Amino acid sequence: MANHALMANAIRALAMDAVQQANSGHPGAPMGMADMAVALWGDHLRYNPANPHWFDRDRFVLSNGHASMLLYSVLHLTGYDLPIGELKNFRQLHSKTAGHPEVDVTPGVETTTGPLGQGITNAVGFALAEKLLSAEFNRKDHTVVDHHTYAFLGDGCMMEGISHEACALAGAWHLNKLIALYDDNGISIDGQVKPWYIDNVAERFHAYGWHVIGPIDGNDAAEVSKAIAKAKLSTDKPTLINCKTVIGKGSPNRAGTAKAHGEALGAEEIKLTRDAIDWHYPPFEIPAEAYADWDHKEAGANIEAEWNAKFAAYAAAYPELAAEFTRRMKGELPKDFHQVAFDTVVAAHTKAETVASRKASQLALEAFTAALPEMLGGSADLTGSNLTNTKSTAALRFDAKTGAVVMNVPAVEGNQGAEDEAKSEAPAETPHGTIGRHINYGVREFGMAAIMNGVALHGGYIPYGGTFLTFSDYSRNAIRMAALMKRRVIHVFTHDSIGLGEDGPTHQSIEHAASLRLIPNLDVWRPSDTAETAVAWAVALQNQSRPTALLLSRQNIAYSPKSELGDISRGAYVLSEPENVGLQNKKTAAVIIATGSEVPLALAAQKLLAEKKIAVRVVSMPSTTTFDRQDLAYKKAVLPKKLPRIAVEMGCTGGWWKYGCAAVVGIDTYGESAPAPVLFKHFGFTAENVAATVEAVLRD
């Protein structure tokens, strides 16, 4: 029989020692949640320390990521490749024990947490992916997808608005394998939370459609373990376990106070704590019996071996399904993807349609979602505007009584086209056994973005979701987290400029393209036509280690003639030379750089200048972030050093000066409410003004 008190105190000792050595960190939460960890990791969690990426492991998310020493302690004690030296290097440069947990840095960490509320939201994404994969791949006689998602969260996560968005969706989706353990210690940085946090948590989660267990004594491992066992019996609802704990438990003078939260206990208090918990070992020394109680290497290997045998039997019975499952969990695209992408781009170029780039996106999605069953789309209540649904992506639905994924939903529910387009007829019912692949997230932009991060982290799906570009502000921190975690998540942002017109400055994106381009490791595309949009989608789908933002227009954009398509994927390319507008032997005098809906404007200005015998090159730059990664020779070929450059984009001018521009036709004020053509003229987005700007630069 394991000694629960000894196991919990091992966590407490490691937490206070590591924070003290670093003179930085949060000892209180790990000390208070230690018994919860003993219950979960000791009695319930299915995992193999020797293989942190074994597929059917349970997922654990530490949403209150400041309690990182809890997770690092458990990973070390259970047998992951996290030696005691890494705990001694807590919060130090290049250690595997960063201040907050980071995926792909520390073995056993499933997601990067720190910004409160996003961890529990990632957990919703994990649980959703598990439920959908089980519906897709399990068969009556073979179950290969069957695991739980557990999350620890605290008052801070509860207070953040994103937790409301995500937990409401978890209830609507009947995510019964999601179990959240709430560390209800009543303390935050500013002290006792009662003056500012009076939510009735039980009623709140009941209203979301969750089971609620407790309050229970979160410092009693046996009681917590019983609650988890009860939660695992749920067949139709997620479960919240309210664990009443004492922050900094064991510390004679800091327990139950805000002082335990975010600073080292101090040498004297640590000595008193060691005496109080009967822990008579030097810093970072763990007794053999504690290691023995925590060790999970043999049990973990046995659990994985059992699953491997199940999967072998599954592969023998359903070889095609097993191969597809393996491909998708590796994150690999189908073998014919490049041909699909090539055909999609060539078809767009051949048709040369004049459509809004949001419609161009949907046209590309029709091809890609048909070829890639792992694409899981959605929209934050703007499907008819974002055009994220296709004939291959039926609406995702769950049975109201059983909570099961509804199979074979008709693919279109009457909103295939844009809000101002005629609606197409619904196609025939989807093939037998298919899940819905388009999610109605409701008006929850931030929740959608962080749930997509969880889906991508889990594996098996490539998530994409849509909203208006101006609402990327709501999603921004989750977008940043996807970039930090290097995960393939695709954001479809439509209504990308003042071109949306009458909705006015609240909806007109001015600074958003520039601000998104500042996020490291985020690819930002603002394509100008159907071919560029198809290329943007193809590149985004191949970006296994970075997220993508697609910025798309509401208004129609004329197709720009092209001599070749190969360089679009490099982020910028020469679209039109002076000879294309009749200046055969005229020396090029300037370069106009344009993106998105402004590319036809640049081409029109080029023609006006040609009438005056002024030769200019037009460069389309759909992705500054992609272009910036190209080699110097290519950059010089597209933007020759000696030629003055003039950028044209309906947004903030600041980001364009790095390209050595002599002038930028942009907008550094908020928009106005008026029809788009009126706004273009009012703000100077006319061919005449662009041409005049070029002339002014050449005169100077």
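Values reported hereafter were calculated over all heavy atoms of this structure, with side chains retained and with hydrogens, waters and symmetry mates removed. Bear in mind that the values here come from a model prediction, so they are computed numbers and not experimental data.
- Of all non-hydrogen atoms in Met481 and Thr112, the two that sit nearest each other are CE-O, 3.4 Å.
- Here the side chain of Ser379 pairs no donor or acceptor atom with the backbone of Asn386 at under 3.5 angstrom.
- Taking the side chain as every heavy atom from C-beta outward, Phe152 and Leu40 approach each other to under 4.5 Å.
- The aromatic rings of His26 and His66 are tilted relative to each other, their planes meeting at an angle between 30° and 60°.
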| So Thr626 and Asp628, side-chain contact (heavy atoms from CB on, under 4.5 Å) or not? Walk me through it. | CA-CA 5 Å; Thr626 304; Asp628 289 348; over 6 Å; no
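- Taking the ring centroids of His147 and His458, they lie under the 6.0 Å cut-off.
- Between Phe471 and His507, the distance from one ring center to the other falls under 6.0 angstrom.
- Within the 4.5 Å cutoff, the side chain of Tyr208 has heavy atoms near those of the His164 side chain.
- The heavy-atom pair separating Gly459 from Leu133 by the smallest distance is O-CD1, 3.6 Å.
- Proximity of a side-chain donor or acceptor of Asp58 to a complementary backbone N or O of His148 within less than 3.5 Å is detected.
- Residue Arg480 places its CZ atom among 12 or fewer non-hydrogen atoms of other residues, nucleotides or ligands, all under 6.0 Å distant.
- Using a distance-only test at 3.5 Å, with no hydrogens or angles considered, no donor-acceptor pair links the side chain of Thr467 to the main chain of Ala380.
- Here the CG atom belonging to Leu153 is positioned 8.5 Å from the CG atom belonging to Asp183, to the nearest 0.5 angstrom.
- Donor-acceptor pairing under 3.5 Å is recorded for the side chains of Ser357 and Ser553.
- The structure places OG1 of Thr106 at 12.0 Å from OH of Tyr80, a figure rounded to the nearest 0.5 Å.
- In this structure, a donor-acceptor pair under 3.5 Å is absent between the side chains of Thr494 and Arg358.
- Counting non-hydrogen atoms of neighbouring residues, nucleotides and ligands closer than 6.0 angstrom, the OH atom of Tyr474 reaches no more than 12 such neighbours.
- Contact of the Met375 side chain with the Trp537 side chain is registered, since non-hydrogen atoms from C-beta on lie closer than 4.5 Å.
- Contact annotation: the side chain of Cys652 approaches that of Ile510 to within less than 4.5 Å [non-hydrogen atoms, C-beta and beyond].
- Taking every heavy atom of both residues into account, Gly108 and Pro52 meet most closely at N-CB, 3.8 Å.
- With hydrogens and angles disregarded, no donor-acceptor distance shorter than 3.5 Å links the side chain of Arg328 to the backbone of Tyr461.
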ask   = Could you walk me through whether Glu649 and Met621 pass the side-chain contact (heavy atoms from CB on, under 4.5 Å) check?
value = CA-CA 10 Å; Glu649 185 174 59; Met621 191 178 288; over 6 Å; no
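- By the 4.5 Å heavy-atom criterion applied to side chains, Tyr72 and Leu14 are not counted as neighbours.
- Looking at heavy atoms from C-beta onward, Tyr182 lies out of side-chain contact with Ile241 at the 4.5 angstrom threshold.
- Side-chain atoms of Glu165 come within 3.5 Å of backbone atoms of Gly447 as a donor-acceptor pair (strictly under, hydrogens ignored).
- The closest side-chain donor-acceptor pair between Thr390 and Thr369 falls under 3.5 angstrom.
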Notebook entry, point to check: Given Trp196 and Ser188, is the side-chain contact (heavy atoms from CB on, under 4.5 Å) satisfied, shown in steps?
Noted result: CA-CA 10 Å; Trp196 56 84; Ser188 67; 3.4 Å; yes
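- Expressed to the nearest 0.5 Å, how far CG of Leu516 lies from CG of Asp523 amounts to 12.0 Å.
- When all heavy atoms of Ala483 and Asn521 are compared, the closest pair comes out as O-ND2, 3.0 Å.
- Ring orientation note: the planes of Tyr659 and Phe627 are tilted relative to one another, at an angle of 30° to 60°.
- Minimum heavy-atom separation, Met650 to Ser497: CE-OG, 3.8 Å.
- Between the side chains of Arg204 and Ser163, at least one donor-acceptor pair of N or O atoms lies under 3.5 Å.
- Side chain of Gln118 to backbone of Leu116: no donor-acceptor contact under 3.5 angstrom is found.
- Around atom OH of Tyr670, no more than 12 heavy atoms belonging to other residues, nucleotides or ligands sit under 6.0 Å away.
- Using a 4.5 Å cut-off on side-chain heavy atoms (C-beta onward), Thr624 and Val524 make no contact.
- Around the CG atom of Leu518, the shell of radius 6.0 Å holds more than 12 heavy atoms that belong to other residues, nucleotides or ligands.
- By the side-chain contact (heavy atoms from CB on, under 4.5 Å) test, Glu110 is found to be paired with Arg57, Arg59, Phe126, residues two or more places apart in sequence or in another chain being considered.
- A 4.5 Å side-chain heavy-atom check between Thr121 and Phe446 finds every atom pair outside the cut-off.
- With rounding to the nearest 0.5 angstrom, the CG atom of Leu132 is 13.5 Å from the CD atom of Glu374.
- Proximity of a side-chain donor or acceptor of Lys131 to a complementary backbone N or O of His174 within less than 3.5 Å is detected.
- No side-chain N or O of Asn389 forms a donor-acceptor pair with one of Thr383 less than 3.5 Å apart.
- A donor-acceptor contact shorter than 3.5 Å links the side chain of Glu532 to the backbone of Ser528.
- For the pairing with Tyr47, the ring-ring contact (aromatic ring centres under 6.0 Å, His included) check across Phe60, Trp54, Trp41 returns one residue only, Trp41.
- Listed for the Gln508 side chain is no donor-acceptor partner under 3.5 Å among the backbone atoms of Asp503.
- Separating the CH2 atom in Trp525 from the OG atom in Ser361 is a distance of 13.5 Å, to the nearest 0.5 Å.
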Would you sort out whether Asp199 and Met158 count as a side-chain contact (heavy atoms from CB on, under 4.5 Å), showing the intermediate values?
-> CA-CA 9 Å; Asp199 294 26; Met158 288 290 194; over 6 Å; no
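- Judged by distance alone, with hydrogens and angles left aside, the side-chain atoms of Arg444 form no donor-acceptor pair with the main-chain N or O of Leu169 at under 3.5 Å.
- Of all heavy-atom pairs between Pro622 and Pro527, the closest is CB-CA, 4.1 Å.
- No more than 12 heavy-atom neighbours from other residues, nucleotides or ligands sit within 6.0 angstrom of NZ on Lys259.
- Ion pairing between a basic and an acidic side chain is recognised when a charged N comes within 4.0 Å of a carboxylate O; Asp496 and Arg526 show such pairing.
- Counted by atom type alone, His438 and Thr388 present one or more donor-acceptor pairs between their side chains at under 3.5 Å.
- Thr548 OG1 to Tyr464 OH: the interatomic distance, rounded to the nearest 0.5 Å, is 14.0 Å.
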